[in-house]
Amino acid sequence: MRYKIKIEPLGVEISCGEEQTILDACLRNGVWVPHACTHGTCGTCKSKVLKGEVDFGLASNFALMDFEREEGYALLCTAKPKSDIVIEADVEVEEGIEFYPVKDFVGKVIDIDDCARDTRKLFIEIVNDKIFYLAGQYIQLYIPGTDQNRAYSIASRPLGEGNSIIELQIKKVPGGLGSKYIFDELKQGDRVKFAGPFGRFVLRKNFDNPMLFLAGGTGLAPIKAMILDAIESGVKQEMYLFHGVRSTRDLYDQDVFSRIEQENSNFHYIPALSEKLPEDEWNGELGFVHEVLERKFQKFSGFKAYISGPPPMVDACIKVLMRGRLFAEDIYVEKFFNEKDRITGGSKVGVVSRI
Ligand SMILES: Cc1cc2nc3c(=O)[nH]c(=O)nc-3n(C[C@H](O)[C@H](O)[C@H](O)COP(=O)(O)OP(=O)(O)OC[C@H]3O[C@@H](n4cnc5c(N)ncnc54)[C@H](O)[C@@H]3O)c2cc1C
Ligand code: FES
């Protein structure tokens with residue numbers, strides 16, 4: 001069964017399957033409604049249903065309150081139509097950015113690299129197509145035997161002709177569904193299914209402001225794609241990458257960023273450890289990313305900042321940036337929400353995730 005979805009104030013009408021989320025139908029039809037986590041946690045896709053009935057799906061009670069449901073709001077990333085519907089959505093058009101429609105892909109795992117403690121790089125060769133995306137976007141990887149998927153950012157640089165191989169960087173989360181699949185079951189040569197590209201955490205190349213890239217753990221993945229893209233595009237402004245991990249066992253891709261730093265005088269690589277173990281040989285920065293950032297800079301006005309990683313790390317960085325006079329419109333974030341955040345509300349869901 002399929003239903004008609006009319007998106008106001010655009011007046012555009014699309015078709016949506018009864019088992020499909022409204023967001024998914026919009027993105028596959030090139031209607032770029034705001035979204036971030038695509039898992040009912042951040043509240044970014046909250047929209048008013050003007051007419052018709054929806055199944056709210058697995059929307060977090062923190063991202064969509066009871067009174068909002070009663071007032072006719074829904075999270076488009078979890079809501080499925082139960083009739084023809086009309087929604088009011090704040091469709092985004094941003095100068096200099098053109099998003100690609102979401103598609104389905106089949107891939108083969110061509111390499112698995114255990115690059116740091118409980119951290120894997122997956123290299124996936126797409127067998128049915130090529131993927132077009134913007135640096136910073138992510139895919140939804142389907143978990144076989146379930147109706148679930150997990151969001152993983154693409155770490156590879158987007159190629160003009162589309163990519164047939166993508167790199168993912170994944171941190172194991174104890175008790176996690178996706179982690180069990182990726183760390184205990186998936187082998188080289190296995191087939192995987194995914195959809196993408198999703199998200200609006202993308203490199204804005206139309207500004208010439210100096211850039212801050214703040215990554216926590218595998219929050220490095222989308223930022224790696226952005227930095228590779230910026231360097232390839234000949235971006236001349238100063239760029240600073242702060243990569244925070246716990247100890248040296250968690251650090252990876254140092255060779256990549258050290259080489260970029262050697263070859264580009266405008267790029268500065270600042271890895272930081274939050275705890276130095278007795279066996280760590282380390283003369284670099286110590287502390288959490290936001291602490292190291294605050295030691296390096298006191299004022300941030302004039303910068304564009306990109307922050308990616310666990311929600312508390314992202315929130316702590318936003319606070320430091322705002323204290324240093326950087327406004328919300330100059331801060332782009334990707335919070336790596338998980339199931340626990342959806343159930344428990346995570347950290348300040350819906351407050352800063354709209355940045
Ligand atoms: C936009 C986006 C991009 C992302 N990109 C990346 C990336 O590039 N790399 C990366 O490593 N991660 C990324 N993530 C995070 C990733 O999508 C997963 O959320 C993360 O890997 C955990 O998934 P999982 O399936 O292993 O764990 P989940 O199944 O999500 O479980 C997470 C934790 O919650 C607990 N839990 C599960 N269900 C419940 C419940 N009902 N009640 C209480 N606790 C529960 C589990 O025990 C576990 O400890 C991204 C997230 C988002 C939103
Ligand atoms: S995109 Fe829908 S709640 Fe995050």
Side-chain angles (χ1 to χ4, degrees), residues 21-24 26-27 32-47 56-65 68 73-79 89-90 92 115-122 136-143 146 148-156 166-186 194 196-202 215-226 245 250 252 307-311 313-314 332-346 349-350 352-354:
T21 67
I22 298 167
L23 179 72
D24 193 74
C26 288
L27 299 183
W32 205 256
V33 291
H35 65 284
C37 73
T38 60
H39 283 78
T41 309
C42 70
T44 309
C45 64
K46 196 181 298 172
S47 300
F56 291 102
L58 294 174
S60 163
N61 290 332
F62 297 87
L64 186 69
M65 310 271 185
E68 292 176 304
Y73 285 91
L75 299 182
L76 300 186
C77 70
T78 59
D90 194 9
E92 292 186 319
C115 56
R117 177 173 50 174
D118 290 336
T119 309
R120 287 203 145 163
K121 288 185 181 180
L122 291 188
Q137 288 192 290
Y138 68 93
I139 59 154
Q140 290 179 343
L141 184 71
Y142 295 107
I143 312 298
T146 75
Q148 306 260 317
N149 63 62
R150 290 293 182 262
Y152 297 115
S153 306
I154 307 173
S156 324
I166 55 166
E167 172 190 333
L168 308 178
Q169 304 180 344
I170 300 170
K171 175 85 183 172
K172 184 175 186 172
V173 177
L177 181 74
S179 298
K180 184 172 179 298
Y181 168 53
I182 287 162
F183 286 84
D184 300 347
E185 296 161 18
L186 198 64
F194 64 93
F198 294 92
R200 56 183 188 153
F201 181 64
V202 299
T218 48
L220 188 62
I223 280 179
K224 180 177 180 182
M226 290 181 179
V245 293
D250 305 294
Y252 63 94
I307 321 171
S308 164
M313 171 263 164
V314 175
Y332 306 101
V333 306
E334 191 76 289
K335 292 187 179 185
F336 282 10
F337 288 117
N338 64 28
E339 268 301 285
K340 193 168 175 187
D341 297 313
R342 191 177 63 76
I343 304 290
T344 63
V349 164
V352 288
S353 57
R354 281 172 179 276

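Indexing begins at 1, ligand by ligand and atom by atom, following the structure's order.
- Looking at F337 next to ligand 1, an N or O pair under 3.5 Å apart turns up.
- Contacts between I343 and ligand 1 below 4.0 angstrom, taking non-hydrogen atoms only, involve the side chain exclusively.
- Heavy-atom contacts of G178 reach the following atoms of ligand 1: 24 (P), 25 (O), 26 (O) (cutoff under 4.0 Å).
- Under the 6.0 Å cut-off for aromatic ring centres, F198 and Y138 qualify, their centroids lying closer than that.
- Distances from atom 8 (O) of ligand 1 to the heavy atoms of S153, G175, S308 put S153 nearest.
- Of the protein's non-hydrogen atoms, the one nearest atom 34 (O) of ligand 1 is K340 CB, 3.2 Å.
- Put simply, CG on L141 and CD on Q148 are 12.5 Å apart, with the number rounded to the nearest 0.5 Å.
- Atom CG of L58 and atom CG of L64 lie 12.5 Å apart (nearest 0.5 Å).
- Contact annotation: for F336 versus ligand 1, heavy atoms closer than 4.0 Å belong to both the backbone and the side chain.
- T38 and Q140 are linked by a side-chain donor-acceptor pair at a separation below 3.5 angstrom, with hydrogens and angles left out of the test.
- E339 N, 3.0 Å is the protein heavy atom nearest to atom 30 (O) of ligand 1.
- Close to ligand 1: K335, with a non-hydrogen atom less than 4.0 angstrom away.
- Remark: ligand 1 and A36 share no N or O pair separated by less than 3.5 Å (distance only, no angle test).
- With a heavy-atom cut-off of 4.0 Å, K172 does not touch ligand 1 at all.
- Residue contacts with ligand 1: Y138 is placed with no nitrogen or oxygen under 3.5 Å of a nitrogen or oxygen of the ligand (distance criterion only).
- Among all non-hydrogen protein atoms, the one lying nearest atom 26 (O) of ligand 1 is S179 OG, 2.5 Å.
- Residue P174 places a heavy atom less than 4.0 Å from ligand 1.
- Residue contacts with ligand 1 for E334 involve side-chain atoms from C-beta outward but no N, CA, C or O (heavy atoms, distance under 4.0 Å).
- Among protein atoms, those of element N, O or S found less than 2.8 Å away from atom 4 (Fe) of ligand 2 are C37 SG, C42 SG.
- Among K224, Q148, K171, R150, the residue whose heavy atom lies closest to atom 11 (O) of ligand 1 is K171.
- Counting only non-hydrogen atoms, the option in T38, V173, L168 that gets closest to atom 20 (C) of ligand 1 is V173.
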